[in-house]
Trainee: 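Pasting a structure here, questions to come.
No hydrogens, no waters, no symmetry mates; every other heavy atom, side chains included, goes into these values. So that the names make sense, note that chain A is the first sequence line, chain B the second, and so on, each numbered from 1.
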There are 2 protein chains.
Amino acid sequence: MELQDLKVFRKVAETGNISRAAKELGYVQSNVTARIRRLEEELATTLFHRHSRGVTLTSAGRSLEIMPFGSST
Amino acid sequence: MELQDLKVFRKVAETGNISRAAKELGYVQSNVTARIRRLEEELATTLFHRHSRGVTLTSAGRSLEIMPFGSST
DNA sequence: CCATCTTACGGTGCTCGTAAGTATA
DNA sequence: TATACTTACGAGCACCGTAAGATGG
């Protein structure tokens, strides 16, 4: 897992919305989807529950969210 | 700068030798050369002095060396 | 329909190994 | 000649945007 992965993950967690996270990060939405998917594969877990109004953290996602990296944003 | 860049940088700094760092990291030597070069370009600075017996940190390199990331190795 | 996430596709650049080149002692 | 760093090259994959698809309210 690289720093950029964590930055994207955090923005999605913060907004609860992949589209808005993408806009705020300056990416298109499909890239953020793909990045989150790859991160989930790498960690062999599910970080977000997907529903029609956005996404919410799973318990695994909440664990990652509190990792003490990169908070200098 | 990503975590992997820092990991490679640190191993080179630790050993003072790109070839040995590469071996310890499980890469070929030319890749480590290229990675360090890319990192230097990204940071727009020179991290190592090159000489015929290896490399030594520049003052910029010493600054990066003490960054408080990734020390969990 | 509208908002949102996903999938397909192609371009560009990074990462990696192999191989050859350069330099110093 | 031995040791070390650099450059050239090509394969594979990640990252990025565009575009189209799927789903729920």
Trainee: K11(B) vs E14(B), test: salt bridge (Lys or Arg N to Asp or Glu O under 4.0 Å). Steps then yes/no.
Mentor: CA-CA 5 Å; K11(B) 183 61 78 175; E14(B) 175 195 328; 3.7 Å; yes

Trainee: Between dC15(D) atom C1' and L25(A) atom CG, what is the distance in whole Å?
Mentor: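 Spelled out: CG on L25(A) to C1' on dC15(D) is 14 Å.
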
Trainee: Among the nucleotides dT18(D), dT7(D), dA4(D), which one has an atom lying closest to any side-chain atom of N17(B)?
Mentor: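 Among dT18(D), dT7(D), dA4(D), the one nearest the side chain of N17(B) is dA4(D).
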
Trainee: Do V8(B) and V32(B) have side chains that approach each other closer than 4.5 Å (heavy atoms only, starting at C-beta)?
Mentor: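 In contact.
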
Trainee: Counting just side-chain N and O atoms, does R35(B) come under 4.0 Å of either OP1 or OP2 of dC14(C)?
Mentor: no

Trainee: On DNA chain D, nearest-nucleotide positions of Q4(A) versus S52(A): which is more 5'?
Mentor: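 Closest to the 5' end, via its nearest nucleotide, is Q4(A).
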
Trainee: If each of R38(A) and G16(B) is mapped to the nucleotide of DNA chain D with the nearest heavy atom, which maps nearer the 5' terminus, i.e. the 5' end?
Mentor: G16(B)

Trainee: Ignoring backbone atoms, establish whether R53(A) has a side-chain N or O less than 4.0 Å from OP1 or OP2 of dG24(D).
Mentor: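 So the side chain of R53(A) is outside the cut-off, no N or O lying under 4.0 Å from OP1 or OP2 of dG24(D).
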
Trainee: Using a cut-off of 4.0 Å on non-hydrogen atoms, how would the nucleic acid contact of S19(B) be classed: base, sugar-phosphate, or nothing?
Mentor: sugar-phosphate

Trainee: Nearest heavy-atom pair of M1(A) and L39(A): which atoms, and what distance?
Mentor: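 Closest pair (atom of M1(A), atom of L39(A), distance): CG-CD1, 3.8 Å.
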
Trainee: How many angstroms lie between CZ in R62(B) and CG in L47(B), if you round to the nearest 0.5 Å?
Mentor: 11.5 Å

Trainee: Of the listed nucleotides (dA4(D), dT18(C), dG17(D)), which one gets closest to any side-chain atom of S30(A)?
Mentor: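 Out of dA4(D), dT18(C), dG17(D), the nucleotide with an atom closest to S30(A)'s side chain is dG17(D).
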
Trainee: NZ of K23(A) versus C1' of dT4(C): gap in Å, rounded?
Mentor: 13 Å

Trainee: dT6(C) P sits how many Å from E40(A) CD, rounded?
Mentor: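 It works out to 8 Å between those atoms.
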
Trainee: Send over the distance from E42(A) CD to dC13(D) P, rounded to a whole Å.
Mentor: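 Those two atoms, CD and P, are 16 Å apart.
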
Trainee: Going from CZ on F48(B) to CD on E40(B), what distance comes out if it is rounded to the nearest 0.5 angstrom?
Mentor: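 The CD atom of E40(B) is 7.5 Å from CZ of F48(B), to the nearest 0.5 Å.
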
Trainee: Counting only side-chain nitrogens and oxygens, does R50(B) get under 4.0 Å of the OP1 or OP2 atom of dT24(C)?
Mentor: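 Indeed not, no polar side-chain atom of R50(B) lies that close.
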
Trainee: Between H51(A) and N31(B), who's closer to the 5' end of DNA chain C by nearest nucleotide?
Mentor: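 Taking each residue's closest nucleotide, the earlier one in sequence belongs to H51(A).
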
Trainee: Considering only dT7(C), dT7(D), dC15(D), which nucleotide approaches the side chain of R37(A) most closely?
Mentor: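 In terms of side-chain proximity for R37(A), the closest of dT7(C), dT7(D), dC15(D) is dT7(C).
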
Trainee: NZ of K7(B) versus C1' of dC16(C): gap in Å, rounded?
Mentor: 15 Å

Trainee: What is the distance, to the nearest angstrom, from the CD atom on Q29(A) to the P atom on dA20(D)?
Mentor: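 About 16 Å, once rounded to whole Å.
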
Trainee: Please give, in whole Å, the distance from dG13(C) P to E2(B) CD?
Mentor: 18 Å

Trainee: Measure the distance from CG on L39(B) to P on dT15(C) and round it to the nearest whole Å.
Mentor: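 Going from L39(B) (CG) to dT15(C) (P), I get 10 Å.
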
